[in-house]
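This one's a predicted model, so the numbers in the text were calculated from it and none came from an experiment. Indexing begins at 1, ligand by ligand and atom by atom, following the structure's order. The analysis underlying the following values was restricted to heavy atoms, covering all of them including side chains, and did not include hydrogens, waters or symmetry mates.
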Amino acid sequence: MLKSLSRTFIVFKLYRGRLILSQVLLLISASSAIGVATLTQTLINEGIIPGNLDVIVDTGLWMAVLALVGGATMAATGALAVFFAQGVAFGLRKYAYDNIQRFSFANFDVLRTGNIMVRLSADVNYVMLAILFMVMLVLYAPFMIVVAFILTAVYAPSTIWILIVASVVVLGFMGLLLPPLVRAYDQRQKRLSDLNDTMQENLAGIRVVKAFVQEDREIEKFHQRAESMRHPSYRAAVRVALMDPILIMITQFFILLALWVGGRQVIEGAGMELGQVVMVVQFLSMVIMPLSTLAIAVPFILRGDTSAQRIFEIIDAEPFVKDKPDAQPLDPEKVKGRVVFENVTFAFRRPDGKLDPPALKNINLTIEPGERVGFLGATGAGKSALINLIPRFYDVTEGRITIDGVDVRDIPQENLRRIVGIALQEALLFRGPIYFNLKFGNPEVHDDVMIEAARAADAFEFIVRLPKQWEAPVARRGYNFSGGQRQRLAIARTLTAQPRVLILDDSTSALDVATEARVQDAIPQFTDNVTTIYVAQRISAVIDLDRIYLLQHGEIIAQGTHEELMKTSPLYQEIYESQLGAGLKPSSREVAS
Ligand SMILES: Nc1ncnc2c1ncn2[C@@H]1O[C@H](COP(=O)(O)OP(=O)(O)OP(=O)(O)O)[C@@H](O)[C@H]1O
Ligand SMILES: [Mg+2]
């Protein structure tokens, strides 16, 4: 029980000393409160009733000191508990984040990014809350209750039944009130997260919403979500509002009962004195308070455990792509760049961990050092899947891929990704100056390399026209640049890293044909003898290359130069015909260059 939550306590050995200190302080605080209650007995029986001023002053002073100690230790524990919860939250987030950086692409397929965000925010908060409750209550509440019972049994045994009945009534009341409250909270939480999703999606896609004039429908959707949250929120709030007054009522009732039962005994001289009666009254609230807080805490602690489990799933997840212990790095300077696929089959992984039907089947191909080849195919044909295998973003399901004869799985990933440079299909930039983005893969590289890379990617012109040039700020995800500019910056970033095998995944799709041609003519001049792999849907992007592989439904169905494919492949001819309308005749290349 509470396995994951207790693990947070074990993991954070660092704070163990403070955790123990907090519990010691809590016990001091509890003992002080009990001491004050016990001393009232002396104060009344030996001070007030006999009229002994010395006893009153003495006992009163002691009580004041105890109250002070109790308050101070409780405050210190509160501070420690918060510190501890924050420390655990920090540690959980850090460990999770560190491990996420080790994840391979397939881990994200299984764990979905949105889901990871929820785990790192909402779930961490639940764990924090649970830890606060545990630190403050797990030892304190039972201690307080047990001691109050023992002392009542010792000093006023005839009234102990009142404590028992009061405990049963409080627990019964909480048992009635809490489950629906927790249900309402859960429902509210779920609907809040629906509402957040709706809001996020709308704000991210606000341009699409406006373009399709769908504002009214979005407003209506938001209204419904917000409305559906109101009901459980209301139910939860009403119950919370009811809880305190009812608890106070119950406490008052039992205090009255104790006064009545005890008072009668005092008057009748049946064994109890006034001091004991007042003491029992104090013990009553010392039992009821922690008991009700404990009842509130239990569901939160259980929820915290589930949340901790979800976070540890991230912390414990093993990357699907791992380095072998005996993996040997290759010297990037000496890599020639011969890339071979041998009988490669590949399937994606579903969120449940099982494999999809293969996205690539039986791929066999050899790309010689320094060759420039292209992969052409319709959307969904498997082009990105294929090239993502080379830098091991995913591992092959069957077969193998070699670079200069070495299986990529025998090369450490870090080394492999310095050798294989890839401009991903989505040209994603980071917030920061342009030079930071361009030197992302290699911050130490000389400015000249960056500048030449920018020239090769046809980005030089627009960068130097910016007021701050290389220092010009890039907004989050690169939103302050056009799609084509982003793609060219992404190409320049990959070129700046000076890979031995260069892969451009549909990296010129947003460029006009003339710019695309300029980029393709400039790249080989920058990348001397670098094996270069282009991925494209448009023939214009691959027409000049040494060899074109035609991909369909995860299989290579034809290969050759443009001229060869025009003769041998009906599908290629068909694609060629269909793209002629876009002005993609070979002659257009000549016009452009
Ligand atoms: N992360 C993923 N998880 C599961 N299936 C995927 C994933 N990525 C791609 N697929 C599927 O694998 C197949 C090949 O996708 P891939 O991205 O390689 O296509 P593509 O040829 O690059 O297409 P495009 O030209 O649109 O980029 C598609 O059917 C796609 O739905
Ligand atoms: Mg793709």
Side-chain angles (χ1 to χ4, degrees), residues 100 103-117 317 319-321 339 341 344-365 367 373-399 401 408 420-428 483-484 486-487 490-491 494 501-511 513 516 532-543 545 547-559 565 569 571-572 574-576 578-579 582 584:
I100 290 169
F103 278 8
S104 1
F105 284 28
N107 290 89
F108 294 106
D109 293 343
V110 174
L111 272 174
R112 308 283 163 197
T113 324
N115 200 297
I116 293 178
M117 300 282 270
F320 282 101
V321 175
V339 179
F341 278 57
V344 169
T345 295
F346 169 71
F348 284 104
R349 212 169 274 279
R350 290 191 212 131
D352 63 9
K354 299 210 176 72
L355 291 176
D356 269 342
L360 295 171
K361 283 162 279 197
N362 242 328
I363 306 289
N364 283 291
L365 55 90
I367 307 170
V373 303
F375 286 93
L376 186 75
T379 169
K383 306 179 296 292
S384 298
L386 187 143
I387 49 108
N388 280 342
L389 297 175
I390 303 173
R392 283 187 83 199
F393 289 150
Y394 294 91
D395 268 343
V396 297
T397 313
E398 278 168 45
I401 297 170
V408 289
V420 181
I422 185 163
L424 292 170
Q425 184 159 18
E426 193 190 355
L428 192 67
R486 270 207 300 276
Q487 282 195 331
I491 296 175
T494 307
V501 176
L502 172 67
I503 304 173
L504 301 173
D505 188 355
D506 223 3
S507 296
T508 52
S509 60
L511 307 185
V513 178
E516 179 174 61
T532 308
I533 299 172
Y534 292 86
V535 169
Q537 287 177 24
R538 297 195 311 209
I539 287 187
S540 68
V542 293
I543 197 160
L545 301 177
R547 192 162 48 263
I548 302 164
Y549 295 97
L550 188 57
L551 233 76
Q552 193 183 30
H553 306 313
E555 286 176 284
I556 294 179
I557 56 162
Q559 54 179 293
L565 285 173
S569 168
L571 178 66
Y572 189 84
E574 203 180 295
I575 299 172
Y576 180 75
S578 72
Q579 293 184 357
L584 304 179

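At a heavy-atom cutoff of 4.0 Å, ligand 1 is contacted by the side chain of Asp356 but not by its backbone.
For atom 20 (P) of ligand 1, the candidate residues are Ala347, Gly380, Ala536; the nearest heavy-atom contact is made by Gly380. Distances from atom 25 (O) of ligand 1 to the heavy atoms of Arg350, Arg349, Lys383 show the closest one on Lys383.
Less than 4.0 angstrom separates some heavy atom of Gln537 from each of these atoms of ligand 1: 24 (P), 25 (O), 26 (O). For ligand 1, the atoms lying closer than 4.0 Å to a non-hydrogen atom of Ala385 are 18 (O). The distance from ligand 1 to the heavy atoms of Gln425 drops below 4.0 Å at these ligand atoms: 24 (P), 27 (O). With ligand atoms numbered from 1 in the order given, ligand 1 contributes 1 (N) to contacts under 4.0 Å with heavy atoms of Tyr394. Near Ser384, meaning under 4.0 Å from any of its heavy atoms, are these atoms of ligand 1: 17 (O), 18 (O), 20 (P), 22 (O), 27 (O). Those atoms of ligand 1 that come under 4.0 Å of a heavy atom in Ala381, given as number and element, are 19 (O), 21 (O).
Side-chain atoms of Ser104 come within 3.5 Å of backbone N or O of Phe320 as a donor-acceptor pair. Between the Ser569 side chain and the Ala558 main chain, no donor and acceptor come within less than 3.5 Å of each other.
Applying the salt bridge (charged side-chain N to carboxylate O under 4.0 Å, His left out) definition to pairs two or more places apart or across chains, those involving residues 381-394 are Arg392-Asp395.
Taking distances strictly below 2.8 Å, the protein N/O/S atoms close to the Mg ion (ligand 2) are Ser384 OG, Gln425 OE1.
Using a 4.0 Å heavy-atom cutoff, Gly377 is absent from the residues neighbouring ligand 1.
Using a 30° and 60° split on the angle between ring planes, Phe348 and Tyr394 fall in the perpendicular class, above 60°.
Annotation: Ala359 places no N or O atom under 3.5 Å from an N or O atom of ligand 1; distance criterion only.
A side-chain contact (heavy atoms from CB on, under 4.5 Å) with Tyr549 is found for exactly one of Ile367, Ile557, Leu376, Val542, namely Ile367.
Residues Leu565 and Leu571 fail the side-chain proximity criterion, which asks for heavy atoms closer than 4.5 Å. The shortest side-chain heavy-atom distance between Asn388 and Phe346 does not fall under the 4.5 Å cut-off. Between Arg547 and Gln559 the shortest side-chain heavy-atom distance falls below 4.5 Å.
For Glu398, the salt bridge (Lys or Arg N to Asp or Glu O under 4.0 Å) criterion is met by no residue, not counting sequence neighbours. Partners of Tyr534 under the side-chain hydrogen bond (donor to acceptor under 3.5 Å, both in side chains) rule, at least two apart in sequence or in another chain, do not exist in this structure.
In this model, no donor atom of one side chain and acceptor atom of the other lie less than 3.5 Å apart for Gln487 and Ser507.
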